[in-house]
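Right, one structure below, let's go through it.
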Protein chains: 2
Amino acid sequence: MSKKRNTTLKELSKELSLSISTVSRALNDHPDISQSTKERVRKLAKQMNYVPNLFARGFRSRETHILGVIVPNISHLFTSTILKGILEEAELRGYRVIISESNNNEVKQVEMLNTMTQFGVDGVLMSLARKTTNVEEILKILNRIPIVLFDKVSSKIPCTQIVINEEEAAFNAVEHLIELGKQRIAIIKETENSYNSEKRYAGYLRALNQYGIPVRDKLILSTEDISLGNGRRLTNILLSMKKRPDAIFAITDNAAIGAIKALHKFKVKIPEEIAVVGFSNSINSTIVSPALTTVDQPGDKIGRTAVRFLIQELENPTNDVMTKTVEIKTSLIVRDSSLMV
Amino acid sequence: MSKKRNTTLKELSKELSLSISTVSRALNDHPDISQSTKERVRKLAKQMNYVPNLFARGFRSRETHILGVIVPNISHLFTSTILKGILEEAELRGYRVIISESNNNEVKQVEMLNTMTQFGVDGVLMSLARKTTNVEEILKILNRIPIVLFDKVSSKIPCTQIVINEEEAAFNAVEHLIELGKQRIAIIKETENSYNSEKRYAGYLRALNQYGIPVRDKLILSTEDISLGNGRRLTNILLSMKKRPDAIFAITDNAAIGAIKALHKFKVKIPEEIAVVGFSNSINSTIVSPALTTVDQPGDKIGRTAVRFLIQELENPTNDVMTKTVEIKTSLIVRDSSLMV
DNA sequence: AATTTCTATGCAAACGTTTGCACAAACGTT
DNA sequence: AACGTTTGTGCAAACGTTTGCATAGAAATT
């Protein structure tokens, strides 16, 4: 169990009666070294189970080939799907990944960012904590190492940002409802202006405008915490109106499922009386009945793209720090909650 | 953007007209150093934003304070809950965490294990890939660094193993059904003898025996892939019997939800005619209707416990590698699918 | 006053790797 | 035969930290 030391270059060189540098070069396939020597070295290295000490290497070259990832909450399906993409793409490109959680705590987020740079990660992938307002510290760190934001991003931080095309996705969802013949389309969104909520709301408005449907304030409901419970609560409010909506667009699946539960309780027919569309394509959307029409966000693609852009920056360093937004396409998955036959 | 070098001990020492060693000791609170010097050093260190180069440190001390984690699939709620626990506990104890996915691929699993040790992690937390049979490579690595297994474990690997008390959890679930007055309790389990499935099946058998209920082969159904679809399919088989069961215990929530869907289709009353119990307490279990009675597995506790045991081993190294199984308690969450009034 | 003990500090080696430079040996060219 | 070129190898420094040992000066003891 005690940590046996690994074979080192020195040991190899002694065994082969070569210098350390020759052995090092041989293993790194340096052109100066003769073929025969290379083969001898490689053979013995394999035999003696040599593995380079990455610490010594990283220590010298100041490159660790480690990427840091900071997310608000790892046990969230969408997040872990993104992480999956990150892990896969990083591995493919020879990088290792350290993951941390900010727990939606801004202070902790900066702390993690600091220990990660201290640790020597080559770059950081980050999804911002909710209500991140003080970006100063982050900007400081951005001066030292490249950061790529994904999912929860902020225009205040000048760097590459990978997001889904929230606005268009919402537009498509609402357009779909309009094409069903719905005219009084309610939206359930977040109160505080998170990037996502804002964009989705914008898409909602654009769809209504484009199709010449009046925007009715009464049908625009907001909540601090966009949860299943609140989806249900707000739907109850909608049902108590004298003129009920004929469709509900909830900006998260959970809220949409809450809506369905509420509609169920009051025996409202879905989608005939009121159609429902959510956002995320979480597993639950297929479990609820009727199955929920929702926007599929390709999480792993976001992850992969983020890694790709970060590595691109790492390997072609430039000094101009600038905002660059990359939008990942989504698709609308139509299910029973908006399927009119 | 270009990687500015960090402040080093050398720079601090020059500024303070002290030697590097004195500065180092001052920062590490060595008793040899006078209070006044310590304060001077600390002050400047803070001012110049000094952070120790962890690579140089780890390189020298051969301790990285990094734990490696290998899981079959990160985007699985239970897994990511465990990861959450691991991250929290590790952070609390000053360790960082590198996560990798084996994708249930045995070869890749060993590969990851190798690159992790090469990288210099102090220890590894691992949940085994499905059908892990060739443990030889793993045993080799176990000789070099400590490993703690969790969730998907194997008795062939002599190390600490953190699992939930599968058998007892299943026993409690079935006992609960018996107490409802159910007598013909079917089980939906896995064909291949995975650790989890086997234990849960054992709990089922023990409960029946203890209450003197005959075990009927016809009510014991197995499937390769314990999915929602297969839960539905097997339930259809149960419904086609001349003597139907009066309860179904599915060893995963997904299979249980499949069962509920099937029962729904045939208008079987849940739980009056047939009660259903699942296993996992996944989010879906509250979304399906009726809400599913299920076994809650405290994922974060598993994660925290695993970290605790690993660090314990790291900090008190012993040479005796031995199996030690730690069981985490579960609890049965009773919901509508088995709630008889 | 001479000695010992203590306190605070500095020197230098070590960790394993990479790499600029030097340099022998072998070869090719006049 | 003398010179330049190429090829393969080795020397030694560097990265930033920790730490055993040495030591200078102060304080305490004789």
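Chain identifiers are assigned alphabetically (A, B, ...) following the order of the sequence lines, protein sequences preceding nucleic acid strands; residue numbering begins at 1 within each chain. Note that this is a predicted model, so its numbers are computed, not measured.
Using a 4.0 Å heavy-atom cutoff across all strands shown, A:Asp32 reaches at least one base atom of the nucleic acid. If you check every strand for non-hydrogen atoms under 4.0 Å, A:Arg57 touches sugar and phosphate atoms only. Counting any heavy atom pair closer than 4.0 Å across all strands shown, B:Ile20 reaches a base atom. Residue A:Ser34 is in sugar-phosphate contact alone, with no base atom involved, counting any heavy-atom pair closer than 4.0 Å across all strands shown. Backbone-only engagement by B:Ser17 is indicated by non-hydrogen atom pairs under 4.0 Å involving sugar-phosphate atoms exclusively.
Of the N and O atoms on the side chains of A:Lys131 and A:Asn104, not one donor lies less than 3.5 Å from an acceptor on the other residue.
Interface remark: the B:Ser19 side chain does not form any donor-acceptor pair with the C:dC11 base, using a distance-only criterion of under 3.5 Å. A donor N or O paired with an acceptor N or O is found under 3.5 Å between the base of C:dG10 and the side-chain atoms of B:Arg25. Donor-acceptor pairing under 3.5 Å, judged by distance alone, is absent between the side chain of A:Thr8 and the base of C:dC15.
Checked by atom type and distance alone, the side chain of B:Asp300 never pairs as donor or acceptor with a backbone atom of B:Thr81 at under 3.5 Å. The closest donor-acceptor contact from the side chain of A:Gln109 to the backbone of A:Ala129 lies under 3.5 Å. A donor-acceptor pair under 3.5 Å is absent between the side-chain atoms of B:Asp122 and the main chain of B:Leu67, judged by distance alone.
For the pair A:Ser24 and B:Thr37, both in contact range of DNA chain C, the more 5′-proximal nearest nucleotide belongs to B:Thr37. Mapping B:Ala56 and A:Asn28 onto DNA chain C via the closest heavy atom, the residue that lands nearer the 5' end is B:Ala56.
The nearest whole Å value for the distance from the CZ atom in B:Phe55 to the P atom in C:dT18 is 14 Å. Atom CG in B:Leu18 sits about 19 Å away from atom P in C:dT7, given to the nearest Å. Following rounding to the nearest Å, A:Gln35 (CD) and D:dG8 (C1') show an atom-to-atom distance of 13 Å. Atom NZ of A:Lys38 and atom P of D:dT7 are 13 Å apart (whole Å). When the C1' atom of C:dT18 is taken as reference, atom CG of A:Asp29 falls 15 Å away, rounded to whole Å. Counting to the nearest Å, the P atom of D:dG16 and the CG atom of B:Leu27 are 16 Å from each other. Distance, B:Glu63 CD to D:dT18 P: 13 Å, rounded to whole Å. Atom-to-atom, NZ of A:Lys14 to C1' of C:dG16 comes out at 15 Å; the value is rounded to the nearest Å.
In this structure, the nucleotide among C:dA13, C:dT17, C:dA12 sitting nearest to the side chain of A:Asn53 is C:dT17. Comparing D:dT9, C:dG10, C:dA13 against the side chain of B:Arg60 picks out C:dA13 as the nearest.
Taking a cutoff of 4.0 Å between a charged side-chain nitrogen and a carboxylate oxygen, B:Glu137 and B:Lys140 qualify as a salt bridge. B:Lys108 and A:Glu91 are joined by a salt bridge, as a carboxylate oxygen and a charged side-chain nitrogen come within less than 4.0 angstrom of each other.
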Reading DNA chain C 5' to 3', how would its secondary structure be written in dot-bracket notation, given Watson-Crick and G-U pairs with both distances under 3.5 Å, brackets [ ] for crossing pairs and | for partners on other strands?
||||||||||||||||||||||||||||||

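Closest non-hydrogen pair, A:Pro146 versus A:Leu314, comes out as CG-CD2, 3.7 Å. Across every non-hydrogen atom of B:Ser75 and A:Leu77, the tightest pair is O-CD1, 3.9 Å.
In this pair, B:Phe59 lays its aromatic ring flat on the base of C:dC15, centres within 5.5 Å and planes under 30 degrees apart.
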